[in-house]
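These numbers come from the heavy atoms of this one structure, side chains and all, not from hydrogens, waters or symmetry mates. Just so we're on the same page: letters track the sequence lines, and every chain starts at 1.
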Amino acid sequence: MNKEFKRTEYCGELNIDDVGRQVVLNGWVNRRRDHGGLIFVDLRDRTGIVQLVFDPKHNNDSFELAQQLKNEWVIGIKGKINKRPEGSENLKIPTGEIEILVDKLTVFSRSNILPFNVNEEEDVDEYTRLRYRFLDLRRPRLQKNIELRHRVSQIVRKYLSDSGFWEVETPMLTRSTPEGARDYLVPSRVHKGKFYALPQSPQLFKQMLMVSGIDRYFQIARCFRDEDLRADRQPEFTQIDLEASFIDEEDIFSIVEGLMYSIFKGALDIELTLPFPRMSYREAYTRFGTDRPDIRYDTELYDVSDVLNKISFPPFQDKEVIAIRVSSRGNITRKGIDELTDSARALGAKGLAWLSLQDEPRGPFSKFLNGHILDRLKTITNSDKGDLLLFIADEPGIARVTMGRFRLEINRRFFQPNTQYAFLWIVDFPLFSFNKDENRIEAEHHPFTSPKDEDIYLLETEPLKVRANAYDLVLNGVELGSGSIRNSDPEMQKRVFSILGIDEADAYKKFGFLLEALSYGAPPHGGMALGLDRIVAIMAGEESIREVLAFPKTQNAFCPLTEAPSDVDENQLKELGISIRKEEVL
RNA sequence: GGGGCCGUGGUGUAGCCGGUUUAGCACACCUGCCUGUCACGCAGGAGAUCGCGAGUUCGAAUCUCGUCGGUCCCGCCA
């Protein structure tokens, strides 16, 4: 790089106090305004924009060169910081009181015609944005998000390091483990026919680090899961993973609360209120139909089965009937009801019944109601005249979960959140859940979670009633992370495996290294993993974690920029001892 | 695997419901003019077989079906 044009400072950091100084600036041409006898250029770097002035009377060579400049050319300039003439200040930008009168200009590189306008915040088709992600990343929105993410990462490192956690890296090439998500596999050349797996999380390694006496571990860890994508799910994502020894749940809560406090204070200058509220898994499902309730909104679910099973309205017969109150919306139109019904159906509801509480209640089953039933309904749902009640009926458990999803739609449609950030701990998770499709018991969290002491006696007899030392952190209805106190006793770990249908031989084959480690003096330990992408996305006000990832993939896990995944050479496959089964591909 | 929405010059969109237009507009691009703009302005120009395929029709960007891609959701995600 030409030393003469070595940058002395950034564009966006200059202000009125700098007037009179000579500077060298480097950056991209954000926009050129050519007045014929005078040219203005907005020069942009990651800090912002500053206005350059090219005046032929001041330096004609630079002026003539500036006539050629186009958007996104990369240039360097030498010049003097001037106060703008009276009346020509631009108060919309931070550097709007000053401008740079350019002495010399050099063009570092030119740009092709752009696939989209980098200097405008218009919504571009997401495929095109990803295809040209290097340009998309120049725009302020993503620059801000990437910077925010950087700041959060730095705060996490400092906070956890200051709290005695050591940052330890664990293998990316590891072994495939049963249960959990589908693995991304990596074929081994040396061991033909065998595969590594990319980690779904560093779970087993961090537990072994506890056995190793590391005592407190953390990692900003990339994790891989080959499952279908969502706005908040990418095939590779990042967890703030931590584990500590000789601790209990309360220790984890206060460490993580302190961490979140530091993140929000340090990156957004927002002071969170601690401690975060807690809610049991059971209460969350009862009141909100989900284990990650968005408590920014007051709306709740009400079980009105007992009352409405009695009336002669066929959809309610022998069904679980769950109601939700939409306060002061009793005046909804027929069209409004139809729209709600459509969205409820899209979320899995068989239908949507409604009741508008007027002087005379209106709705599809209002004629079956008497005064007593109506009063009971109003009491249970805490509703009054002018309110709208909506009902979903289905098999027990189903109606509640469906209404839980529909509640989010109701909130979006009718209400403003009460607060910007609503954190919530979900505690007392069950240790197991029953998978109907596969007709077997599964780990609700993961197979290494310990049961609550007081429920251990139920393990073999009523395993589904056993509660776990497991917890989730929820923010605005998003699961930010989950964790647990692990089984540090190999005998307990074996009991849990056995209930999961993993017999002893099987357990040793698949997790022997962990069981072995636990048998050489394992401290009580537990930890948590928090989704960094999700945290940053919420802080940035983004709906999708793609907006806080530099190079995300599309919903079918394709990268339009690199065109991954791709074919590979036949030779590469041969070295790995792999052949593609054409009939499976086509 | 399933459902919803979207696909029109390089980009963003109008037109599509109720079929017949020279497919309109803005930004970007090209040529020229312009000394205080900051979404600079003015004059002119080039650029689109309307994602792809089939069907209905005298006639399809517009209606139907299929397909590809994007996105949101359900399933899946210990």
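Per the geometry, CD1 belonging to A/Ile49 stands 14 Å off C1' belonging to B/U37, to the nearest Å. Rounded to an integer number of Å, the gap from A/Glu126 CD to B/G12 C1' is 16 Å. The distance from atom CG of A/Asp125 to atom P of B/A28 is 21 Å, rounded to the nearest whole Å. When the P atom of B/C38 is taken as reference, atom CZ of A/Arg44 falls 20 Å away, rounded to whole Å. Summarising the geometry, the separation between CG on A/Asp228 and P on B/C77 is reported as 11 Å, rounded to the nearest angstrom. One interatomic measurement links the two molecules: CG of A/Asp42 to P of B/U37, which rounds to 14 Å at whole-angstrom precision. One can place CG of A/Asn119 at 14 Å from C1' of B/A26, the figure rounded to the nearest angstrom. Computed from coordinates, the A/Ile39 CD1 to B/C33 P distance equals 12 Å when rounded to whole Å.
Below 30°, between 30° and 60°, or above 60°: for A/Phe511 and A/Phe497 the angle between ring planes is below 30°, a parallel geometry. Between A/Tyr132 and A/Phe134, the ring-plane angle classifies as perpendicular under the 30° and 60° cut-offs.
A donor-acceptor contact under 3.5 Å is not formed by the side chain of A/Arg225 with the base of B/C76.
Residue-level contact check: A/Gln200 touches neither bases nor backbone, having no heavy atom under 4.0 Å from any strand. Among the heavy atoms of the strands lying under 4.0 Å from A/Glu99 is at least one base atom, whether or not backbone atoms are also near. Residue contacts shown for A/Ser201 include a base, since a base heavy atom lies under 4.0 Å away. As judged by a 4.0 angstrom heavy-atom cut-off over every strand, A/Tyr127 is placed among residues touching the sugar-phosphate backbone only. Counting non-hydrogen atoms under 4.0 angstrom, A/Arg131 reaches nothing in the nucleic acid. A/Gln51 comes within 4.0 angstrom of a base, heavy atoms only. A/Asp226 comes within 4.0 angstrom of nothing in the nucleic acid, heavy atoms only.
Nucleotide B/G12 forms a Watson-Crick or G-U wobble pair with B/C25, both donor-acceptor distances falling under 3.5 Å. The partner of B/U64, taking Watson-Crick or G-U wobble pairs whose two distances both stay under 3.5 Å, is B/A54. Pair assignment for B/G75 gives none, since no Watson-Crick or G-U wobble pairing has each distance under 3.5 Å. Base pairing of B/C5: its partner is B/G70, meeting the Watson-Crick or G-U wobble criterion (both donor-acceptor distances under 3.5 Å). Shown here, B/G32 forms a base pair with B/C42; the pair counts as Watson-Crick or G-U wobble because both key distances fall under 3.5 Å.
With B/C76, B/U35, B/C38 as the candidates, the nucleotide lying closest to the side chain of A/Glu227 is B/C76. Counting only heavy atoms from C-beta on, A/Asn556 has its side chain closest to B/G70 among B/C38, B/G70, B/G12. Among the nucleotides B/U37, B/C77, B/A39, the one closest to any side-chain atom of A/His35 is B/U37. In this structure, of B/U71, B/C74, B/C27, it is B/C27 that holds the atom nearest to the side chain of A/Glu120. With distances taken from any side-chain atom of A/Lys70 to the nucleotides B/C29, B/U37, B/C76, the minimum falls on B/C29.
When atom types are taken as modelled, the side chain of A/Arg546 and the backbone of A/Lys553 share no donor-acceptor pair closer than 3.5 angstrom. A distance-only check finds a donor-acceptor pair linking the side chain of A/Arg534 to the backbone of A/Glu479 [under 3.5 Å]. The backbone N or O of A/Arg486 sits nowhere less than 3.5 Å from a side-chain atom of A/Ser484 that would complete a donor-acceptor pair. Side-chain atoms of A/Thr402 never come within 3.5 Å of backbone atoms of A/Ala349 as a donor-acceptor pair (strictly under, hydrogens ignored). A donor-acceptor pair under 3.5 Å is absent between the side-chain atoms of A/Asp472 and the main chain of A/Val474, judged by distance alone. A side-chain donor-acceptor contact under 3.5 Å links A/Asp18 to the backbone of A/Asn15. Between the side chain of A/Arg407 and the backbone N or O of A/Asp294, at least one donor-acceptor pair lies under 3.5 Å.
When the P atom is compared between B/U31 and B/A46, the two are found 15 Å apart, to the nearest whole Å. Taking atom P in both B/G51 and B/C33, one finds a spacing of 40 Å when rounded to whole Å. On the C1' atoms, B/G75 is 47 Å away from B/C29, given to the nearest whole Å. B/C72 sits 32 Å from B/U56 when the C1' atoms are compared, rounded to a whole Å. Using C1' as the reference atom, B/U13 and B/G18 are 23 Å apart when rounded to the nearest Å.
Just one of A/Glu122, A/Glu120, A/Glu542, A/Glu121 meets the salt bridge (Lys or Arg N to Asp or Glu O under 4.0 Å) condition when paired with A/Arg141; it is A/Glu542. The side-chain contact (heavy atoms from CB on, under 4.5 Å) test with A/Thr238 is passed by exactly one of A/Val548, A/Ile545, A/Asp533: A/Asp533.
Taken residue by residue, residues 83-92 of chain A places heavy atoms nearer than 4.0 Å to RNA chain B at A/Arg84, A/Pro85, A/Ser88, A/Glu89, A/Asn90, A/Lys92.
Within the 4.0 Å cut-off from OP1 or OP2 of B/C40, at least one side-chain nitrogen or oxygen of A/Arg33 is found. Regarding contacts with the backbone of B/C72, a side-chain N or O of A/Gln555 is found under 4.0 angstrom from either OP1 or OP2. A/Arg292 has no side-chain polar atom (N or O) that falls below the 4.0 Å cut-off from OP1 or OP2 of B/C77. A/Arg230 has no side-chain polar atom (N or O) that falls below the 4.0 Å cut-off from OP1 or OP2 of B/C77.
By the neighbour-count criterion of 12 heavy atoms within 6.0 Å, atom NZ of A/Lys104 is sparsely surrounded, having that number or fewer from other residues, nucleotides or ligands.
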Sugar-phosphate or base contact per nucleotide [nucleotides 2-10 of chain B; S, B, -; heavy atom under 4.0 Å]:
--------S
